[in-house]
Peer 1: 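After the structure tokens below, expect a handful of questions from me.
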Amino acid sequence: MPKKTSTSNELEDFNEFEVESLGPPKIDSPLLGYSRGGPGGESIAWDAFTDESHRVLKNATMDSYIRFKESGQPPDSFEPAGARRKIYFDPSKVRAGILTAGGLCPGLNDVIRSLVLTLFYRYRVQNILGIKYGYQGLIPAFGHALVQLTPVLVSEIHQFGGTILGSSRGDQSVEELVDSLERLNMNILFCIGGDGTLRGAHAVASEIKNRQLKISVVGIPKTIDNDINLVSRSFGFETAVAVATEVIRSAHTEALGAPFGVGLVKLMGRDSGFIASTAALARGDANFVLIPEVDFDIDGPGGLLTRLHDRLKSRGHAVIVVAEGAGQKFFQGAEVLKDASGNTLHKDIGQLLAEAIRRYYKKLGQEMNLKYIDPSYIIRSAPANSSDQVFCSFLGQKAAHAAMAGKTDLLIGQWNDHFVHVPIAMAISERKKVDPMGELWNSVLERTGQPELVSLK
Ligand code: F6P
């Protein structure tokens with residue numbers, strides 16, 4: 001465990017919550033020159049600057065406060081995100097690059113747009129470059145040209161899903177990436193992506209530090225899976241849940257429309273069941289929710305098939321929501337395949353369940369009507385909904401402010417309702433998971449009435 005500092009102002013020792021900085025910010029922010037309408041219509045100076053000493057507590061409970069107070073240690077806290085009065089970079093000299101990497105996610109274009117508009121209009125940065133297809137765009141061998149991003153170019157992009165910059169998976173040589181940043185004279189790199197992208201961003205920031213360069217690397221956490229550590233919400237997640245909720249509604253309608261009707265929905269969520277759990281909660285139609293974090297059996301007296309049969313006998317229809325990473329124990333012995341980012345490619349639990357349910361009813365000799373829906377990429381290619389659009393707009397603004405202030409190797413997160421700076425190393429140290437003893441899962445159990453699905457041996 002890293003040693004804590006004795007007071008929040010004396011950073012004598014390494015503190016894992018401390019955000020790296022390229023150097024002291026000495027330049028007056030151009031935002032100081034802005035004004036806005038006062039309550040009586042008068043013009044008042046824009047003063048929405050963030051005071052770094054107003055740190056955001058990691059744990060907002062009284063218990064934690066008392067524990068820290070008794071120990072004499074300052075509580076764990078994040079640096080607040082937001083515009084600084086003094087900035088590090090001279091805006092007229094800045095060359096900023098933006099890349100999107102990993103799987104698609106609703107809101108990517110919204111974040112790009114927000115970054116460009118904030119850099120251009122608030123800081124008057126003229127050189128904003130779009131890097132095509134993730135980290136590939138920095139590697140000369142791929143030959144992807146850079147795109148000059150302007151307010152006009154990005155003005156309509158938030159209407160569409162996907163990313164105007166394109167994306168890719170896969171590791172690139174960190175040395176080559178930093179060589180390119182040097183060659184291009186870039187001083188800011190925004191990396192919009194999930195776990196893999198953030199790992200890449202951290203490696204790039206470390207290499208920049210080794211070379212003693214002054215290039216800021218700022219991550220913006222993206223993933224429909226919402227599985228990034230120390231980030232209470234990643235953008236795209238809410239849109240994914242909203243689209244998934246509609247799919248569950250369809251499955252319920254189908255299940256109601258036939259004798260012994262079963263609607264089975266498989267939702268994305270590689271290693272975390274946040275989309276499945278939250279969408280099931282939103283609809284309230286699901287009777288069984290299966291997620292990677294909670295074990296279940298298919299056969300046996302307490303297993304899914306017996307419980308499903310009980311439900312069909314009592315109510316005549318049922319809806320099952322399964323996250324793609326659930327039940328992978330049923331594929332033991334199968335070849336383990338990885339994607340270009342090194343993630344395990346999960347076997348199709350939806351198909352396996354559909355076949356098991358059909359076999360079960362065939363054996364029973366009883367009619368059962370199963371409708372299996374796998375919305376797959378339909379969910380994450382959707383444009384962001386209004387809630388995610390607002391969120392993405394904030395994230396882009398906060399990321400621009402962080403970079404201009406010379407912060408580096410951090411991502412913009414939301415924690416206890418505040419936007420904060422999270423050192424990337426902390427965010428990638430583990431994956432966020434649904435806590436089987438926590439509030440979300442308990443609420444799913446209450447809402448569905450789902451019993452434990454494990455057969456006692
Ligand atoms: O991480 C987001 C995600 O949508 C996962 O839920 C899913 O497993 C994965 O990406 C699939 O990505 P792709 O098919 O693009 O590699």
Side-chain angles (χ1 to χ4, degrees), residues 99-109 111 132-136 161-163 165-172 191-201 219-229 231 233-245 247-248 265-280 289-293 321-328 331 334 336-353 373-385 388 391-392 411 413 427-428 430-434:
L99 64 80
T100 51
L104 295 185
C105 178
L108 285 164
N109 283 333
V111 174
K132 294 285 286 183
Y133 302 109
Y135 291 107
Q136 277 189 10
T163 158
L165 297 177
S167 189
S168 69
R169 289 194 185 279
D171 286 344
Q172 306 301 338
C191 302
I192 312 174
D195 190 67
T197 309
L198 296 171
R199 277 175 202 287
I220 300 149
K222 159 240 80 164
T223 165
I224 58 166
D225 293 0
N226 200 24
D227 61 353
I228 299 175
N229 190 36
V231 171
R233 168 186 174 191
S234 54
F235 76 83
F237 171 66
E238 281 206 5
T239 307
V241 169
V243 182
T245 300
V247 177
I248 297 175
V265 177
K266 185 179 88 169
L267 295 174
M268 279 190 170
R270 190 188 286 118
D271 298 308
S272 306
F274 288 104
I275 303 178
S277 302
T278 313
V289 182
L290 309 171
I291 60 170
E293 295 88 339
V321 176
V322 61
E324 65 170 313
Q328 293 301 306
F331 300 95
V336 177
L337 300 172
K338 305 253 180 197
D339 69 11
S341 310
N343 303 302
T344 300
L345 287 169
H346 289 317
K347 304 287 180 274
D348 195 338
I349 183 66
Q351 279 297 348
L352 183 131
L353 290 178
I373 312 180
D374 178 359
S376 180
Y377 297 103
I378 292 172
I379 289 195
R380 66 177 211 190
S381 57
N385 67 11
D388 263 329
F391 188 47
C392 289
L411 58 81
I428 58 176
E430 57 181 300
R431 284 278 172 103
K432 189 169 77 177
K433 301 256 182 196
V434 174

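Atoms within each ligand, like the ligands themselves, are counted from 1 in listed order. Index from 1, following the sequence.
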Peer 1: Salt bridge or not between Asp339 and Arg270? Use side-chain N to carboxylate O under 4.0 Å.
Peer 2: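 Yes, charged N to carboxylate O under 4.0 Å.
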Peer 1: Does Arg169 have a heavy atom less than 4.0 Å from any atom of ligand 1?
Peer 2: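 So Arg169 counts as touching ligand 1.
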Peer 1: Taking atom CD1 of Ile291 and atom NZ of Lys433, what is their separation to the nearest 0.5 Å?
Peer 2: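 Answer rounded to 0.5 Å: 10.0 Å.
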Peer 1: With heavy-atom distances below 4.0 Å as the criterion, list the atoms of ligand 1 near Gly269.
Peer 2: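 That gives atoms 6 (O) of ligand 1.
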Peer 1: Considering non-hydrogen atoms of the protein only, which is the closest contact for atom 7 (C) of ligand 1, and what is the distance?
Peer 2: Glu324 OE2, 3.0 Å
Peer 1: Could you measure the distance from the CZ atom of Phe274 to the CG atom of Leu267? Nearest 0.5 Å is fine.
Peer 2: 14.5 Å
Peer 1: Using a 4.0 Å cutoff against the non-hydrogen atoms of Tyr377, which atoms of ligand 1 qualify?
Peer 2: 13 (P), 14 (O)
Peer 1: Quiz question: by atom type and distance under 3.5 Å, do the side chains of Asp388 and Thr239 form a donor-acceptor pair?
Peer 2: yes
Peer 1: Closer than 3.5 angstrom, by distance alone: can the side chain of Asn226 be matched with the main-chain N or O of Ser234 as a donor-acceptor pair?
Peer 2: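 It does hold such a pair.
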Peer 1: Under 4.0 Å, heavy atoms only, figure out whether ligand 1 is touched by the backbone of Ile224, its side chain, both or neither.
Peer 2: side chain
Peer 1: What are the atoms of ligand 1, with element, lying closer than 4.0 Å to any heavy atom of Arg380?
Peer 2: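 So the atoms of ligand 1 that pass are 3 (C), 4 (O), 9 (C), 10 (O), 11 (C), 12 (O), 13 (P), 15 (O).
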Peer 1: Quick one: nearest non-hydrogen protein atom to atom 6 (O) of ligand 1, plus distance?
Peer 2: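 For atom 6 (O) of ligand 1, the nearest protein heavy atom is Asp225 OD1, 2.7 Å.
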Peer 1: How far is atom 9 (C) of ligand 1 from its nearest protein heavy atom, and which residue and atom name does that atom have?
Peer 2: Arg270 NH2, 3.3 Å
Peer 1: If you measure every N/O of Gly103 against every N/O of ligand 1, is any gap under 3.5 Å?
Peer 2: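 N/O-N/O distance below 3.5 Å does not exist for this pair.
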Peer 1: When you measure from the side chain of Glu293 to the backbone of Val434, do you find a donor-acceptor pair of N or O atoms at a distance under 3.5 Å?
Peer 2: yes
Peer 1: Between Glu238 and Arg233, does any side-chain N to carboxylate O distance fall below 4.0 Å?
Peer 2: yes
